[in-house]
K.L.:
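Got a structure here, written out as structure tokens. Questions coming.
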Amino acid sequence: MAEREPNVAEEESTVAEPRTIDHYLHTDRFPHIWCPGCGLGTVTAAFLRAALELGLEKERTVVVGGIGCSSRAVGYLDFGTVHSIHGRALAFATGIKMAHPEFTVIVLTGDGDGAAIGGNHLIHACRRNLDITTILFNNNVYGMTGGQASPQTGMGGIATTAPFGFDEPSFDLCRLAEAAGATYVARGTSYGVRQLQRLIRDGITHPGFSFIEAVTQCPTEYGKRNPPKGPVQMLENLKEKAIPRKKAEGMTPEELEGRIVTGLLHRDESVPELTASYARMLERVRGSADE
Amino acid sequence: MATTEKLMAVTGNQAVAMAMKQIDPDVVAAYPITPQTDVVQSYSQYVADGEVQTEFVTVESEHSAMSACIGSAAAGARTMTATSSAGFALMWEVVYVAASMRLPIVMTTVNRALSGPINIHCDHSDSMGGRDSGWIQIYNEDAQEAYDATVMSFPIAEHPDVSLPLMNMYDGFIISGAIGPLRPLSDAAVKDFIGEKPAVLNLLDSEHPVTFGPFDGLHGWYFEHKIAQNRAMEAALPVIQETYDRFAEVTGRQYQHLMCYDMEDADVAIVVIGSAAGTARTVMAKLKAEGLKVGLVKIRTFRPFPTAEIARVLSGVKAVAVLDRADSFGAMGGPLYLEILAALYHEGVHTKTVNCIYGLGGRDLYPQNIEDVFRMLADAAGGADLPQSRVYLNMKGE
């Protein structure tokens, strides 16, 4: 098996001209489909700036999307990309990573794609601790199909399928990912873009399954039915509700009600990563066969 | 009291949602997918406004949607859902289960291409893939047909000789999203037409416990069960026509398995499914003015397939083009073409045929494309040969 090399530029390497995120974009595909005020482009740009920071090679990076507004991002990215099927981006990514452990594999998904139809794939990808970085764009709604309630719409949230308010609680996706076995779990928002970029960057370099929830705004399908209305107000709301993990640690559950705890929430490097342990098993089995 | 309401302008999806509202089924379980979404979205509004008594279940995938429908129908409830494309594909496993359990679920399948590359526009590859699933399949040209077919669905599906699930199709975006004329029935006329759900064995009847779909073992009755499904499908053909006829008595709109246009004196004919029939008719008007004897057959009932009837209708023409909005890769032609060739051979009809593939992934079908096909057929009627392989209409790079 080929020796694994981290897909990260050497520190000495110099780039002739400073690159911008355009380096990783198919700008010829613009204008993109996202609505004015949408946060998905902000989250995508945070990922691309993290990729720039790490100097990710396009040829050794694969980005997989599912279906929905967030997954549509892969269509604009100049990496190896797969626009897969609804809820199964992680299944495609698992195959890619197992076949090419040397690739950096990123999954872009949404709350409908990743937490509803793809929920089972999400928990099992966490459990396997395969070195994939999943960025889940959480905008609380099925945006592309017209504002139906998703698992993340939240109690009382108005959606086209819940005109008098959704009466089901949401997942705490980060706690779900941690409980399922993800070894890097973080949460950021489309307001705190620098923090989000750092969390994504560290997730990519973490050797195991990284789950980053990016809480973002959908003014078109969520905001028009739920306060605060308007993209600026929604961003201000994210700013006000976000609270760093360290600060949150000293607070009571009542004080944390409705707040968005951000930052690195969980990291465990003691758990074996799947492609590495699989390679070791191959070595062991082949070694014993030769005896 | 009038049986029909005023003429209105609605999208195909709104027309079907209205029909569903008038039917007021016991249960609707669904998941959003373009271009079906606003059928169920509109319906959720009716539920929220208390205009229907339906138990409305939002689920986390289409596999769950059809599973919920099966549970509900097995409990004896009138059950409806809607889907498209990948949603239908994800239902696949349970689509077969619904048919083999003989549950009269009614589903709207708004036709959309299957991936990949990802495409949200119309073709028939989704429902054509389900043609052997054991569901009755009715294809509709426009919003009025889709509405009427929805109203006629339960009397067909629940008929004691049939007891099969039924799916209604219409073209995604072209019909689902475009506004067209609709003359709906009154609520009372719909209620009267569909009647009460016939009493059947169900899971909630504790006096007569039943089990649905248990493991049949290696030496069980699976084979005979499949034969029974096919017999039900054969029985459905006259039941569908009787229902069409009864509907005509109420509305004056007479449907047939095959809708024929100017076939009495046609030299050549096109066979087509769905909204392309409208495009074909406008072209025919022009060509008939030139003196060309052109005809059109629109297939409405695709499962069960009206084999003898299509052969009879086409027996008098010299050349036929079958237009498929889906392909069957590696086969002799698209699914409709294969069906019609088999019917012609079976009934001993020898006429020149050609298969035209069009509209995949929403590619436009222009009147000129249809005109070209009619002129090719006219040449063939005059002695020229027709292409043996597929003819692709409006392909890029030609």
Side-chain angles (χ1 to χ4, degrees), chain A residues 29 33 64-69 71-76 81-89 91-92 109-123 141-153 157-168 170-171 176 221 225, chain B residues 11 13-14 17 28-52 54-67 81-92 110 112-120 126 172-173 176-177:
Chain A
R29 303 270 176 86
I33 63 159
V64 186
I67 295 293
C69 291
S71 300
R72 191 67 185 81
V74 298
Y76 309 119
T81 58
V82 183
H83 198 176
S84 67
I85 62 173
H86 203 13
R88 325 290 156 185
F92 282 72
T109 182
D111 49 309
D113 191 61
I117 194 166
N120 202 28
H121 294 286
L122 176 65
I123 56 174
V141 76
Y142 284 93
M144 188 168 273
T145 47
Q148 294 77 25
S150 92
Q152 301 312 106
T153 293
I158 308 290
T160 52
T161 46
F164 297 126
F166 198 46
D167 52 4
E168 297 176 15
S170 299
F171 283 123
L176 177 76
E221 292 295 352
R225 300 185 181 89
Chain B
T11 67
N13 282 349
Q14 286 167 340
V28 170
Y31 188 80
I33 184 164
T34 304
Q36 166 277 125
T37 306
D38 64 333
V39 173
V40 175
Q41 186 178 305
S42 304
Y43 201 77
S44 71
Q45 190 67 50
Y46 299 142
V47 174
D49 293 345
E51 295 189 63
V52 289
T54 304
E55 194 70 41
F56 181 69
V57 192
T58 55
V59 288
E60 65 290 323
S61 79
E62 286 87 354
H63 194 281
S64 305
M66 185 48 67
S67 299
T81 186
T83 193
S84 286
S85 181
F88 180 66
L90 183 55
M91 282 182 182
W92 198 254
V110 185
R112 164 185 155 184
L114 285 171
S115 291
I118 293 175
N119 186 300
I120 59 168
D126 49 2
F173 293 97
S176 73

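Here is the naming used below: chain letters follow the sequence lines, and residue numbers restart at 1 for every chain.
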K.L.:
Does T161(A) reach the side chain of Y43(B), with side-chain heavy atoms less than 4.5 Å apart?
P.N.:
no
K.L.:
Side chains of P151(A) and E60(B): does their closest heavy-atom pair fall under 4.5 Å?
P.N.:
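Not touching, per the 4.5 Å side-chain cut-off.
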K.L.:
With a 4.5 Å cut-off on side-chain heavy atoms, are L90(B) and I85(A) touching?
P.N.:
no
K.L.:
Measure the CD-CG distance between Q148(A) and D38(B) for me, rounded to the nearest 0.5 Å.
P.N.:
9.5 Å
K.L.:
Would you give the length of the straight line joining atom OG1 of T145(A) to atom CD1 of I120(B), rounded to the nearest 0.5 angstrom?
P.N.:
11.5 Å
K.L.:
Quick check on A48(B) against chain A: is it the side chain, the backbone, both or neither that has a heavy atom closer than 4.5 Å?
P.N.:
both
K.L.:
Go through the atoms of S84(A) and report whether side chain, backbone, both or neither lie under 4.5 Å from a heavy atom of chain B.
P.N.:
backbone
K.L.:
I need the E62(B) CD to I117(A) CD1 distance, nearest 0.5 Å.
P.N.:
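These two atoms lie 5.0 Å from each other.
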K.L.:
Is R72(A) in contact with chain B via its backbone, its side chain, both, or neither, using a 4.5 Å heavy-atom distance?
P.N.:
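For R72(A), neither part sits under 4.5 Å from chain B.
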K.L.:
Parallel under 30°, tilted from 30 to 60°, perpendicular over 60°: which one fits the rings of Y142(A) and Y31(B)?
P.N.:
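Ring orientation of Y142(A) relative to Y31(B): perpendicular.
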K.L.:
Is T58(B) in contact with chain A via its backbone, its side chain, both, or neither, using a 4.5 Å heavy-atom distance?
P.N.:
side chain
K.L.:
Heavy-atom cut-off 4.5 Å, strictly under: side chain, backbone, both or neither for H86(A) against chain B?
P.N.:
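Just its side chain gets close to chain B.
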K.L.:
Examine distances only and state if a side-chain atom of S44(B) and a backbone atom of T160(A) form a donor-acceptor pair shorter than 3.5 Å.
P.N.:
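Answer holds: yes.
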K.L.:
Which heavy-atom pair separates G146(A) from Q41(B) by the least distance, and what is that distance?
P.N.:
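Residues G146(A) and Q41(B), closest heavy atoms: O-OE1, 3.6 Å.
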K.L.:
OG of S61(B) to CG of N120(A): how many Å apart, nearest 0.5 Å?
P.N.:
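CG of N120(A) is found 10.5 Å from OG of S61(B).
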